[in-house]
Amino acid sequence: MAKTKNEKRCVLCNKPYDYKYAMFGRGCLHNLYGLLEFSKPPRIVWNKELYLCTKIAWKNHKFFLSKKKKYALAQKYIALNYLNKMDYDFLDDIKKKIKNDINNISVFSKNIVDTISFTLNDIYKLFNYAQKFDELIKEFQNINWEEVDEKVAENFMKSMSFIFDVTKKSNPISYAVFYSMQYTFWQVVVVGGILADMKLSARLLTNSLSLFGKEPSDMFIEDEETIQLILENQTFKDRINQLIKKYGEGNEEFIIDDSAPTEDILIRFDNKDLLFALHDATLFVRGIKDANNIWNLEIEIKDTYDFTDFKSFKEYVDSNKSKLEDILSTTLNNFGVVSSEYEVIKTYDVRIKFKTKEGEF
């Protein structure tokens, strides 16, 4: 709604008010005394807003400030208090800049310095986002995904989608808050993956969640547990048998590398752990027939761990698969695309290499 002439809006909640104060409506002013843990002013105080700003100045050991400086100091101090209530390490640099701006306000300072620009309404909205997220993440941690139905899962994932808002990247403070919420979300997903026996997915996601400014290392995997997971997968079994039939018939040896047709080397897994871990992987095979006419196989699976494209439902999972699995895999992929934009999830290469024999899978 456009602001009409002479209309006053609270700098905190942005709602219109017609009271005498210069910055806050009475409801927000009342709440700020509680936020800052200040005692309420005596009844004889006429301007409770100016009284609050004066109390803030005194709290910061600043005396004899002009009204303009008191009001500027109050906004910075209130913003800092809201940021302190959001327990995100990524906000530390921003809080430090606001503290420096507060320190630079004095009776002798000529100008009010804004090292980092913000509106108090923006900070207030971010605080409310963080409060909502904290409530949802507690629910998320307690969900037993084996027992929920598709509707519950879909509604819950939708309720969490507000933290994956790419438009919030433009402002450094909102970027820090949304980055932090997404980072926390994916850490909970990692724990959930481990508890749901999706260890490979959790392992790959953990490696991608490098701290801001650090890049993840490529992964070379050859542990027995992962290899067994692949060997037991029906999609893998079917593909290898198809390739042996196509490339091995009449030969003693064959090699399938990136010169082969895409449909031969591209593999999309349907098992829930492999489905979440490896998206569009590439399969390379070398087969050598032994004296008993058994194929000895050297297998290498390569994938780039990334989230680049938004997907629609049923793009991951065939119609005979669980709708719940489809909802989770598709939604988490789309969340991952946004988190890649924020650089919460980072890209790296994965290689899985092992040997097996025909008939062992």
Side-chain angles (χ1 to χ4, degrees), residues 86-91 129-150 152-165 176-219 221 223-226 228-230 269 271-279 303 305-307 311 316-317 322-348 350 352:
M86 293 182 268
D87 189 22
Y88 301 140
D89 292 341
F90 198 41
L91 285 169
Y129 283 137
Q131 293 287 99
K132 178 181 177 182
F133 173 72
D134 288 345
E135 293 174 4
L136 287 171
I137 207 69
K138 289 176 184 175
E139 293 179 32
F140 188 72
Q141 288 172 305
N142 294 323
I143 284 180
N144 183 345
W145 291 102
E146 299 296 327
E147 296 181 359
V148 300
D149 60 24
E150 293 91 350
V152 171
E154 189 171 6
N155 288 340
F156 186 80
M157 297 304 274
K158 283 181 179 178
S159 71
M160 189 65 77
S161 64
F162 76 94
I163 72 170
F164 298 95
D165 183 348
V177 172
F178 277 74
Y179 179 101
S180 301
M181 291 190 293
Q182 290 175 33
Y183 191 88
T184 300
F185 172 84
W186 290 115
Q187 287 179 315
V188 173
V189 170
V190 166
V191 174
I194 294 171
L195 293 176
D197 198 29
M198 295 198 294
K199 297 178 183 177
L200 180 61
S201 302
R203 181 179 175 186
L204 267 56
L205 178 56
T206 298
N207 190 58
S208 182
L209 294 175
S210 299
L211 292 175
F212 187 77
K214 294 184 179 180
E215 295 299 318
S217 300
D218 292 340
M219 289 189 71
I221 299 174
D223 63 276
E224 287 299 323
E225 188 173 5
T226 301
Q228 195 60 36
L229 179 68
I230 294 171
F269 291 98
N271 169 274
K272 66 177 183 178
D273 195 6
L274 293 173
L275 168 68
F276 282 83
L278 305 171
H279 305 148
D303 189 28
Y305 190 84
D306 62 356
F307 297 86
K311 300 191 183 295
Y316 266 137
V317 183
S322 164
K323 185 179 178 183
L324 176 59
E325 190 169 291
D326 182 32
I327 290 169
L328 293 178
S329 60
T330 303
T331 305
L332 288 175
N333 173 83
N334 294 343
F335 286 172
V337 174
V338 176
S339 284
S340 297
E341 289 286 315
Y342 275 85
E343 296 187 341
V344 175
I345 289 179
K346 301 184 181 70
T347 301
Y348 65 94
V350 182
I352 304 172

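- Phe164 and Phe335 have parallel rings, their planes meeting at less than 30° on a 0 to 90° scale where 60° marks the start of perpendicular.
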Item to complete: Could you give me the CA-CA distance, side-chain angles and deciding distance for Ile352 and Asp303, then say whether side-chain contact (heavy atoms from CB on, under 4.5 Å) is met?
Response: CA-CA 9 Å; Ile352 304 172; Asp303 189 28; over 6 Å; no
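- Remark: Tyr348 OH to Asn207 CG distance equals 4.5 Å, nearest 0.5 Å.
- Residues Lys272 and Leu328 have side chains not in contact (no heavy-atom distance under 4.5 Å, counting atoms from C-beta outward).
- Using a 30° and 60° split on the angle between ring planes, Phe140 and Phe156 fall in the parallel class, below 30°.
- A donor-acceptor pair under 3.5 Å links the side-chain atoms of Asp273 to the main chain of Leu200, judged by distance alone.
- Looking at Asp134 and Asp87, their side chains never come closer than 4.5 Å, going by heavy atoms from C-beta outward.
- Val350 places none of its side-chain heavy atoms less than 4.5 Å from the side chain of Asp218.
- Side-chain contact check for Val338 versus Asn334: every heavy-atom pair is 4.5 Å or farther apart.
- With rounding to the nearest 0.5 angstrom, the CD atom of Gln187 is 9.5 Å from the CG atom of Leu205.
- Between the NZ atom of Lys199 and the CG atom of Leu229 there is a distance of 10.5 Å, given to the nearest 0.5 Å.
- Looking at Ser161, its side chain does come within 3.5 Å of a backbone N or O of Lys158 through a donor-acceptor pair.
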Item to complete: Using the side-chain contact (heavy atoms from CB on, under 4.5 Å) rule, take Ile137 and Met160 through it: C-alpha gap first, then chi angles, then the decisive distance, then the call.
Response: CA-CA 8 Å; Ile137 207 69; Met160 189 65 77; 4.2 Å; yes
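- The environment of Glu225 atom CD is sparse: at most 12 non-hydrogen atoms of other residues, nucleotides or ligands sit within 6.0 angstrom.
- Closest non-hydrogen pair, Ser180 versus Phe90, comes out as OG-CB, 3.4 Å.
- The aromatic rings of Tyr342 and Phe178 sit parallel to each other, their planes meeting at less than 30°, with 60° as the upper class boundary.
- Here the straight-line distance linking atom CZ of Phe185 with atom OG of Ser339 works out to 8.0 Å at 0.5 Å rounding.
- Side-chain contact between Tyr88 and Met181 is present, with at least one heavy-atom pair separated by less than 4.5 Å.
- Between Trp186 and Ile345, the closest heavy-atom pair is CE2-CD1, 3.6 Å.
- When side chains are defined from C-beta on, Leu91 does not count as touching Tyr179, because their heavy atoms never get closer than 4.5 Å.
- Between the CD atom of Glu154 and the OG1 atom of Thr330 there is a distance of 10.5 Å, given to the nearest 0.5 Å.
- Classification of the Phe307-Tyr305 ring pair by plane angle, with boundaries at 30° and 60°, yields perpendicular.
- Taking the six-membered ring where the residue is Trp, Tyr129 and Phe162 present parallel rings, their angle staying beneath 30° rather than reaching 60°.
- Between atom CZ of residue Phe133 and atom CD1 of residue Ile163 there is a gap of 4.5 Å, rounded to the nearest 0.5 Å.
- Between Asp223 and Arg203, at least one side-chain nitrogen of the basic residue sits less than 4.0 Å from a carboxylate oxygen of the acidic one, meeting the salt-bridge criterion.
- The heavy-atom pair separating Gly193 from Ala202 by the smallest distance is C-CB, 4.4 Å.
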